[in-house]
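Everything on this sheet refers to the single structure shown next.
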Amino acid sequence: KYVIGISQPFMGHPVRQAGQVLIDAWAAEHPDCQIIVTDGQLNAHKQIADLEDLMAKDVDIILVAAHQSPTLVPILQTATGKIQAWREMLTEKGEFTDRAVITGVDENAGGKMCGDLMLEALGEEGGDIVILMGPAGNTGAELRQQGFDEATKGAKINVVDMQVADFQRVKAVEIFENLLQANPDLDRLICDCCGGDDYLLHPESLRKLEKCREDWAVLHRLEMIKK
């Protein structure tokens with residue numbers, strides 16, 4: 001019987017929850033495989049401990065979605081040659097390692113896309129924005145922010161504030177309400193706290209905020225703009 005270990009960074013994320021539904025469905029169709037899923041809880045030390053535990057259980061394959069990619073390189077290097085380690089893994093230089101198969105997206109390019117959309121929406125006159133970020137230290141969030149900064153370098157975009165929302169919708173709405181009350185004339189909101197439609201700040205959610213205008217609309221999963 002094959003044993004597959006899956007190291008997740010945070011099971012509170014909607015993408016990970018949706019993935020678990022698919023994992024359970026696949027497991028039901030493959031009784032010859034056992035699947036062990038761990039939750040890193042947005043903590044690099046916890047995810048390292050999870051990987052050590054999976055290796056101690058002598059699993060055949062490890063799939064890793066990293067919270068902080070560079071911190072996991074040493075432990076996964078010890079796994080190479082003993083098990084098949086598939087991972088979304090980056091080195092400290094932001095380059096893919098070559099020790100395993102990698103699946104994932106180009107987070108930096110995604111941030112640049114968001115920046116391009118922001119430039120198009122604001123125009124040459126620019127404007128004031130706030131940014132709701134993913135967890136501090138999260139590799140994907142950092143690369144997306146890096147891409148956004150590169151795309152908007154030199155533009156007349158004033159980042160009024162940046163707040164960490166930890167991929168949590170309730171927290172994001174509360175933070176945004178406070179930011180909007182303090183800055184009622186904001187032009188745009190960058191929302192990198194949402195990993196799926198369930199966490200996205202839909203206009204329906206925004207209308208519940210006392211100070212929020214109703215002329216905001218979703219343009220991109222990372223951006224909220226006014227119509």
Side-chain angles (χ1 to χ4, degrees), residues 9-10 13-15 40 42-44 65-73 87-97 102-169 171-180 182-197 199-201 206 212 216-227:
F10 177 48
H13 193 294
V15 168
L42 295 178
N43 184 302
H67 169 47
Q68 295 179 350
S69 297
T71 65
L72 302 185
V73 172
R87 62 190 186 274
E88 300 172 9
M89 183 55 54
L90 297 170
T91 66
E92 293 181 1
K93 296 182 179 180
E95 300 171 345
F96 288 117
T97 63
I102 301 165
T103 61
V105 297
D106 189 331
E107 302 290 4
N108 183 271
K112 288 180 180 178
M113 180 184 296
C114 183
D116 291 340
L117 290 170
M118 180 64 75
L119 292 174
E120 180 181 349
L122 289 176
E124 294 183 359
E125 64 275 16
D128 295 332
I129 71 170
V130 293
I131 300 176
L132 299 187
M133 302 178 293
N138 179 269
T139 302
E142 290 181 347
L143 289 173
R144 288 190 293 273
Q145 185 61 46
Q146 182 185 65
F148 177 81
D149 292 342
E150 291 173 358
T152 58
K153 184 178 181 179
K156 296 179 180 179
I157 295 178
N158 177 36
V159 180
V160 176
D161 203 348
M162 299 176 67
Q163 296 283 341
V164 172
D166 290 329
F167 295 146
Q168 298 182 38
R169 181 181 182 180
K171 184 175 182 179
V173 172
E174 180 180 353
I175 291 173
F176 179 57
E177 180 181 25
N178 293 333
L179 287 173
L180 195 59
N183 306 276
D185 296 323
L186 284 175
D187 295 296
R188 302 292 186 271
L189 161 70
I190 295 293
C191 186
D192 190 20
C193 59
C194 46
D197 289 344
Y199 272 34
L200 198 61
L201 299 179
L206 293 173
C212 184
W216 292 65
V218 177
L219 172 69
H220 183 266
R221 84 175 185 92
L222 294 177
E223 182 185 15
M224 297 291 299
I225 71 166
K226 292 188 294 182
K227 292 180 181 178

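For the numbers below, each heavy atom of this structure counts, side chains included, while hydrogens, waters and symmetry mates do not. Computed from a prediction, not measured in an experiment: that's the story for all the values here. Numbering of residues begins at 1 and proceeds along the displayed sequence.
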Mind checking side-chain contact (heavy atoms from CB on, under 4.5 Å) for [X] and listing every partner two or more places apart, or none if nothing turns up?
X    : result
Q163 : L132, D161, I175, L179
N108 : D106, K112, Q146, E150
V159 : I129, I131, M162

Original post:
If you measure from CG on L72 to OG1 on T139, what distance do you get to the nearest 0.5 Å?
Top reply: 8.0 Å
Subject >> Non-neighbouring partners of K156 that pass salt bridge (Lys or Arg N to Asp or Glu O under 4.0 Å), sequence neighbours left out >> reply: none
Please list every donor-acceptor pair under 3.5 Å in which a side-chain atom of residues 116-124 meets a protein atom from a residue at least two apart or in another chain.
none

Checking the side chain of [X] only, and the main-chain atoms of [Y] only, is there a donor and an acceptor separated by less than 3.5 Å?
X    : Y    : result
N138 : A141 : yes
T71  : A44  : no
D128 : L186 : no

Original post:
Looking at H67 and N43, what are the two nearest heavy atoms and their distance?
Top reply: CD2-N, 3.8 Å
**OP:** Of all the heavy-atom pairs spanning P9 and A65, show the shortest one and how long it is.
**Re:** CD-O, 3.1 Å
Original post:
Mind checking what makes side chain to side chain donor-acceptor pair (under 3.5 Å) contact with Q145, not counting sequence neighbours?
Top reply: D149
